[in-house]
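Below is one structure, written out as structure tokens; comments come after it.
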Amino acid sequence: MSNDPAQNGVGRAKTLLRFLNLSLLILYPVAWGAPLLRAGVLPLFGLTEISVLSGLKSLWQTDMFLALVVALFALAAPYVKTVGLALVQFDLIGPRTLPILQVAGKLAMADVFLIALYVTLAKGIGIGRIETAWGLYLFTGCILASVLIGYLTQKFADHRGRPPHYASR
């Protein structure tokens, strides 16, 4: 164990990043099954909860290609990025893969943008009723956390474990 307080702080920060990243491996599947929104045609009738998984199931029956694209953005991209970041954080693959992993994170952000766009369009048309649900916030939070974890992992890789203020020494 190092006596240098700065190195101890870096070690704790790396451990925290690993923990947060690994927690996404559990939180993503929860977010996929959680209700993103509730939608209904008329205000008098009950609202149907829509999750990433139920949306994919419905989409698969009508447009398989679009379902595959959504599955890539909503399921594969964020999970691949999270596993890849874990491999970098545990030094099982090199940090040169981080730019590729960041692209996967951007694909996942595109999915959140599309969901928000659909909600906005549906509310603007005014035909039915749409309410956002807790799963949308969980899914968005997971994606944003992954972006931040990827950024911080890149920063640590750039400084080879040294705190940023030691990089010039």
Side-chain angles (χ1 to χ4, degrees), residues 13-90 92-93 97-156:
K14 283 183 170 183
T15 300
L16 178 62
L17 279 178
R18 288 176 180 167
F19 171 77
L20 292 173
N21 190 54
L22 292 175
S23 70
L24 289 175
L25 294 174
I26 297 167
L27 291 173
Y28 274 126
V30 171
W32 297 332
L36 296 174
L37 51 96
R38 293 178 194 90
V41 178
L42 297 172
L44 301 176
F45 298 105
L47 299 175
T48 303
E49 288 187 341
I50 300 169
S51 68
V52 171
L53 296 177
S54 69
L56 276 173
K57 182 181 173 189
S58 296
L59 196 54
W60 185 260
Q61 296 169 355
T62 59
D63 190 340
M64 284 189 237
F65 177 74
L66 188 56
L68 289 173
V69 170
V70 171
L72 172 69
F73 285 179
L75 305 178
Y79 218 72
V80 164
K81 180 185 178 189
T82 302
V83 170
L85 280 175
L87 294 174
V88 170
Q89 291 170 337
F90 286 97
L92 297 173
I93 60 174
T97 58
L98 286 170
I100 296 166
L101 297 174
Q102 296 298 4
V103 169
K106 289 176 183 171
L107 290 175
M109 281 302 297
D111 195 54
V112 171
F113 170 75
L114 288 175
I115 293 169
L117 180 65
Y118 293 146
V119 168
T120 303
L121 287 174
K123 283 186 174 189
I125 293 172
I127 293 176
R129 187 170 141 208
I130 292 187
E131 298 174 357
T132 56
W134 65 273
L136 179 61
Y137 300 106
L138 176 60
F139 185 60
T140 303
C142 288
I143 297 296
L144 292 175
S146 179
V147 169
L148 180 62
I149 291 166
Y151 173 78
L152 293 173
T153 300
Q154 178 72 52
K155 285 293 180 193
F156 281 115

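As the structure is a prediction and not an experimental result, all values here were calculated from the model. Scope of the values below: all heavy atoms of this structure, side chains included, with no hydrogens, waters or symmetry mates. Along the sequence shown, residues are numbered consecutively beginning with 1.
For the side-chain contact (heavy atoms from CB on, under 4.5 Å) test, no residue two or more places apart in sequence or in another chain qualifies with Phe19. For Thr82, there are no side-chain hydrogen bond (donor to acceptor under 3.5 Å, both in side chains) partners at least two apart in sequence or on another chain. Residues that satisfy the side-chain hydrogen bond (donor to acceptor under 3.5 Å, both in side chains) test with Thr97, not counting sequence neighbours, are absent from this structure. The side-chain contact (heavy atoms from CB on, under 4.5 Å) test applied to Ser54 returns Ile50, Ser51, not counting sequence neighbours. Partners of Leu98 under the side-chain contact (heavy atoms from CB on, under 4.5 Å) rule, at least two apart in sequence or in another chain, are Leu85, Val88, Pro95, Leu101, Thr153, Gln154, Ala157. For Leu92, the side-chain contact (heavy atoms from CB on, under 4.5 Å) criterion is met by Leu87, Phe90, not counting sequence neighbours. By the salt bridge (charged side-chain N to carboxylate O under 4.0 Å, His left out) test, Arg18 is found to be paired with no residue, residues two or more places apart in sequence or in another chain being considered.
Distance check: Thr15 OG1 to Leu20 CG gives 11.0 Å after rounding to the nearest 0.5 Å. Expressed to the nearest 0.5 Å, how far CG of Leu25 lies from OH of Tyr79 amounts to 4.5 Å. The line from CD of Gln89 to CG of Leu17 is 6.0 Å long, rounded to the nearest 0.5 Å.
Residue pairs meeting the salt bridge (charged side-chain N to carboxylate O under 4.0 Å, His left out) criterion with at least one partner in residues 51-66, sequence neighbours excluded, do not occur; the list is empty. Sequence neighbours left out, the pairs with a member in residues 28-39 that pass side-chain hydrogen bond (donor to acceptor under 3.5 Å, both in side chains) are Arg38-Glu49.
In terms of heavy-atom proximity, Ala77 sits nearest to Ala104 at CB-O, 3.4 Å. Across Ile130 and Ala39, no two heavy atoms sit closer than the pair CG1-CB, 4.2 Å. Residues Pro35 and Ala133 share a closest heavy-atom pair of O-CB, 3.1 Å. Nearest heavy atom pair, residue Asn21 against residue Ala86, reads ND2-N, 3.2 Å.
Considering only heavy atoms from C-beta on, Trp134 stays 4.5 Å or farther from Leu36 through its side chain.
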Which side-chain N or O atoms in residues 139-151 pair as donor and acceptor under 3.5 Å with protein atoms at least two apart or in another chain?
| from | atom 1 | to | atom 2 | distance (Å) |
| --- | --- | --- | --- | --- |
| Thr140 | OG1 | Leu136 | O | 2.7 |
| Ser146 | OG | Lys81 | NZ | 3.4 |

